[in-house]
Chemist: 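Below is one structure. I have some questions about it.
Positions are given from 1, in the same order as the sequence printed here. First listed ligand is number 1; within each ligand, the first listed atom is number 1.
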Amino acid sequence: MGGNTFGVLFRVTTWGESHGEAVGAVVDGCPPNLELAEEDIQQELNRRKPGRGQGASPREESDRVEILSGVFQGKTTGTPISLLIRNRDRKSSDYDALAGLFRPGHGDFTYLKKYGIRDPRGGGRASGRETAARVAAGAVARKVIAGAGIKVLGFTVELGGVTIEEGSRGDIRENSLLCPDARAAEKMIDRLEAARREGDSLGGIVEIRVSGCPAGLGEPVFDKIDADLAKAVMSIGSVKGVEIGAGFRAASMKGSENNDPIVPGGFKTNHAGGILAGITSGEEIVIRAACKPIPSIAKEQDTIDLHGNPRKIAVRGRHDVCVIPRVIPVCEAMVCMVLADHLLRQRAIS
Ligand SMILES: Cc1cc2nc3c(=O)[nH]c(=O)nc-3n(C[C@H](O)[C@H](O)[C@H](O)COP(=O)(O)O)c2cc1C
């Protein structure tokens, strides 16, 4: 299976399936002499675990990371860093009833079309479980960019049709949805509970902000940093749209409204979301990811079996109701990887 590696100088390969022995990542190109402990990675993994937030499934993935290579006496050596996370709470029997059916909205149908073989236990590589490996690798990338003063933070701006009030700046640690608008968070939680009772699921929008990023990162043509960010975030299961800065709103603005006037102290506004012509401007980078509702739902739906016969399906396993908030550390991880890659590429030419 191709396409398991991401990045040019800071390269991440993820491997493993949801119901196999383990998932993991190999990070190649990480600079040497960087302090790195399992605990640095564990902190990030704990934020992605199931059971976090009202939308989460009751699965108990212990998600303990082991660093197998590339670190000596707490410092990176410059050799490939291999990260392993064992799959401890597998319950493959949950999938017995689904083995001959395709879950609407999931990758079951397309995986079989592509490979002619499908592991029906969990979603295989299409499972949210694969993102544990991304979060582990992203923690290494975060260390690389932290050295340059770059910080990445994600939060919830919409869930189940409830949107935060524009400019909300509340403490995202005060609610389980990492939402800066406490009142909106309460409504979101109500919607989640209602969806759970109905055997349904919900989608939402996550915003990721990058502060402290210097101007000049990114390549001007095919590897524009906004193009790489869009690919990185869109490669996460459930993400169906990515916006940078004003995003889709820019299409209905006039040039005089959308341009960010330049003054001696910098830019007056930031509709560009910190990126111009594929290169960072030094302003805050603003990315939004629209996530679809979780496909595996208990509500009955139409599908077909392996022979094309019409069937009904109701998915009973332990599934999330919404990818938010668990997708937030995954989005952050992918953004950290892109920034680490472009930081190293910029250092290589300057
Ligand atoms: C952190 C995370 C957790 C997820 N949990 C589930 C889940 O419990 N059940 C499910 O059906 N899909 C889950 N998904 C979504 C599927 O992985 C995704 O919808 C599927 O791979 C199909 O890909 P697509 O949505 O990009 O089309 C999760 C995704 C992420 C990122």
Chemist: Which residues satisfy the ring pair (Phe, Tyr, Trp, His ring centres under 6.0 Å) test with Phe102, sequence neighbours excluded?
Modeler: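 Partners of Phe102 under the ring pair (Phe, Tyr, Trp, His ring centres under 6.0 Å) test: Phe109.
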
Chemist: For atom 18 (C) of ligand 1, which of Gly123, Ser238, Cys331, Cys322 has the closest heavy atom?
Modeler: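 Result: the heavy atom closest to atom 18 (C) of ligand 1 is in Ser238.
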
Chemist: For ligand 1, which atoms, with element, lie under 4.0 Å from some heavy atom of Ile236?
Modeler: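 By the 4.0 Å cutoff, the relevant atoms are 31 (C).
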
Chemist: Run the numbers for me: atoms of ligand 1, each under 4.0 Å from some heavy atom of Gly237, listed by number.
Modeler: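 It comes down to these atoms of ligand 1: 26 (O), 29 (C), 31 (C).
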
Chemist: Which is it for Asp320 and ligand 1 at heavy atoms under 4.0 Å: side chain, backbone, both or neither?
Modeler: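 Near ligand 1, Asp320 shows its backbone as well as its side chain.
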
Chemist: What do you reckon, does Thr131 have a nitrogen or oxygen under 3.5 Å from a nitrogen or oxygen of ligand 1?
Modeler: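 The answer is no, given that Thr131 and ligand 1 share no N or O pair closer than 3.5 Å.
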
Chemist: Using a distance-only test with no angle check, is there a side-chain donor-acceptor pair under 3.5 angstrom linking Asn4 and Thr13?
Modeler: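 Side chains of Asn4 and Thr13: no pair found under 3.5 Å.
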
Chemist: Does Ser168 reach the main-chain N or O of Gly170 with its side chain, forming a donor-acceptor pair under 3.5 Å?
Modeler: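 Not at all, since once roles are kept as given, no pair shorter than 3.5 Å links the two residues.
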
Chemist: Restricting to pairs with a member in residues 239-258, which pass side-chain hydrogen bond (donor to acceptor under 3.5 Å, both in side chains), not counting sequence neighbours?
Modeler: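 Applying side-chain hydrogen bond (donor to acceptor under 3.5 Å, both in side chains) to every pair that reaches into residues 239-258, excluding sequence neighbours, yields Glu243-Arg288.
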
Chemist: Would you say ligand 1 has an N or O under 3.5 Å from any N or O of Arg48?
Modeler: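 No - when backbone and side-chain N and O of Arg48 are compared with those of ligand 1, no distance drops under 3.5 Å.
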
Chemist: Can you name the one residue among Arg103, His106, Arg316 that meets side chain to side chain donor-acceptor pair (under 3.5 Å) with Ser296?
Modeler: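 Result for side chain to side chain donor-acceptor pair (under 3.5 Å) with Ser296: Arg103.
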
Chemist: Please identify which atoms of ligand 1 are closer than 4.0 Å to at least one heavy atom of Lys240.
Modeler: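 Contacts of ligand 1 toward Lys240, numbered from 1: 24 (P), 25 (O), 26 (O), 27 (O).
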
Chemist: Should the pair Arg48-Glu44 be classified as a salt bridge under the 4.0 Å nitrogen-to-oxygen rule?
Modeler: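 Answer for the salt bridge query: no.
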
Chemist: So is there a nitrogen or oxygen of Val323 less than 3.5 Å from a nitrogen or oxygen in ligand 1?
Modeler: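 In fact, backbone or side chain, Val323 has no N or O that close.
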
Chemist: Considering the heavy atoms of Gly128, write down every atom of ligand 1 situated less than 4.0 Å from one of them.
Modeler: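 Listed by number with element, the hits are 2 (C), 3 (C), 4 (C), 17 (O), 28 (C), 29 (C), 30 (C).
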
Chemist: Could you work out, for atom 17 (O) of ligand 1, the closest of Ser201, Ala126, Cys291, Pro325 by heavy-atom distance?
Modeler: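 Answer by nearest heavy atom: Ala126.
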
Chemist: Do Thr14 and Glu130 get their side chains close enough for a donor-acceptor pair, meaning under 3.5 Å?
Modeler: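 There is such a pair between these side chains.
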
